[in-house]
Amino acid sequence: MGGKLGYESRGYKFNDTVLEKGEIRYNNISISPYGIFQINDRLSVEAGASYLINIDQKLRIGDEQWQEPVIDLHNKAYLSLLANVAYSFNRFQVFAGFDYGITPYLKVQATDINGEPIGDVGLFFHNIKIGVGYRLF
């Protein structure tokens with residue numbers, strides 16, 4: 001068993017007819033318990049879950065400065081499954097992995113072309129990530 005506690009910055013860009021071009025950035029604290037399958041002394045495969053707690057959101061439209069979003073439609077916490085491949089040397093580790101969101105970070109009500117509600121739509125994070133870590137214990 002293993003685990004990671006970290007800070008992550010995620011986000012997306014959009015090109016909307018109403019808001020023009022922009023991007024949203026989410027800063028999160030991540031808590032990730034996982035199981036480890038050790039292939040050899042240095043190489044391992046990790047699988048588990050990642051619980052993300054949103055601590056900050058920033059929005060930028062066009063060339064404007066980053067700002068707080070006016071309407072907060074985003075969940076404060078979300079859950080994803082993770083899989084990593086890690087290579088360790090001394091107390092350092094490099095890893096690459098994939099997070100697959102299973103709870104939405106954003107949930108909005110979708111409408112048809114006439115503005116009639118047709119149901120809730122959830123947006124999920126699906127991320128490829130690479131990183132460097134230092135093992136404390």
For this session: Carefully, step by step, assess E68 and K58 under the rule side-chain contact (heavy atoms from CB on, under 4.5 Å).
Result: CA-CA 5 Å; E68 297 288 328; K58 296 289 184 191; 2.8 Å; yes
For this session: Kindly work out whether a path of hydrophobic side-chain contacts (I/L/V/M/F/W/Y, heavy atoms less than 4.5 Å apart) joins F124 to Y51.
Result: no
Exercise. Does any non-hydrogen side-chain atom of I24 lie less than 4.5 Å from one of R60?
Worked result: no
Seminar exercise, completed: Here the gap from S80 atom OG to N127 atom CG, rounded to the nearest 0.5 Å, amounts to 7.5 Å
Exercise. Can you tell me how far CD of Q65 sits from CG of L59, rounded to the nearest 0.5 angstrom?
Worked result: 12.5 Å
For this session: State yes or no: do Y134 and V132 share one hydrophobic cluster built from I, L, V, M, F, W and Y residues joined by side-chain heavy-atom distances below 4.5 Å, directly or via other members?
Result: yes
For this session: For E64, look at atom CD and say whether over 12 heavy atoms of other residues, nucleotides or ligands are found less than 6.0 Å away.
Result: yes
Exercise. Can you name the nearest heavy-atom pair linking T103 to L79, along with the distance?
Worked result: OG1-N, 2.7 Å
For this session: Would you check if D56 and N28 make a side-chain contact, meaning some heavy-atom pair closer than 4.5 Å?
Result: no
Exercise. Are any non-hydrogen side-chain atoms of W66 and Q57 less than 4.5 angstrom apart?
Worked result: no
Problem set entry | Close side-chain approach of E8 to K129, heavy-atom, < 4.5 Å | yes
Exercise. Do you know the tightest heavy-atom contact between G101 and H126?
Worked result: N-ND1, 3.5 Å
Problem set entry | side-chain contact (heavy atoms from CB on, under 4.5 Å) involving I118 - partner list, sequence neighbours excluded | A110, D112
Exercise. With side chains defined as the heavy atoms from C-beta onward, is the minimum distance between Y34 and M1 less than 4.5 Å?
Worked result: no
Exercise. Under a 4.5 Å side-chain heavy-atom rule over Ile, Leu, Val, Met, Phe, Trp and Tyr, are Y7 and L136 clustered together?
Worked result: no
For this session: Please say whether the positively charged group of K4, taken as NZ for Lys or CZ for Arg, lies over the ring of F95, i.e. under 6.0 angstrom from the six-membered ring centre and within 45 degrees of the axis.
Result: yes
For this session: Would you indicate whether the side-chain heavy atoms of S44 and I36 approach each other to under 4.5 Å?
Result: yes
Exercise. Is any side-chain heavy atom of L5 closer than 4.5 Å to a side-chain heavy atom of S30?
Worked result: no
For this session: State, to 0.1 Å, how close P104 and G122 come at their nearest heavy-atom pair, and which atoms those are.
Result: CB-CA, 3.9 Å
Problem set entry | CG/N40: more than 12 non-hydrogen atoms of other groups inside 6.0 Å | yes
Exercise. So do the side chains of L52 and I29 get within less than 4.5 Å of each other, counting heavy atoms only?
Worked result: no
Problem set entry | Stepwise ring pair (Phe, Tyr, Trp, His ring centres under 6.0 Å) test for Y26 and F125 | CA-CA 11 Å; Y26 303 91; F125 279 122; 5.6 Å; yes
For this session: Anything under 30° is parallel, anything over 60° is perpendicular, the rest tilted; go ahead and classify Y100 against F98.
Result: tilted
For this session: Group every Ile, Leu, Val, Met, Phe, Trp and Tyr by side-chain heavy-atom contacts under 4.5 Å, then state whether I39 and L82 land in the same group.
Result: no
For this session: Specify whether F89 and Y87 have parallel, tilted or perpendicular ring planes, treating 30° as the upper limit for parallel and 60° as the lower limit for perpendicular.
Result: tilted
Exercise. Between R10 and D99, is there a salt bridge with N-O shorter than 4.0 Å?
Worked result: yes
Exercise. How many angstroms lie between NZ in K76 and CD1 in I55, if you round to the nearest 0.5 Å?
Worked result: 11.0 Å
For this session: Apply side-chain contact (heavy atoms from CB on, under 4.5 Å) to N54 and N27, showing your working.
Result: CA-CA 6 Å; N54 182 263; N27 297 313; over 6 Å; no
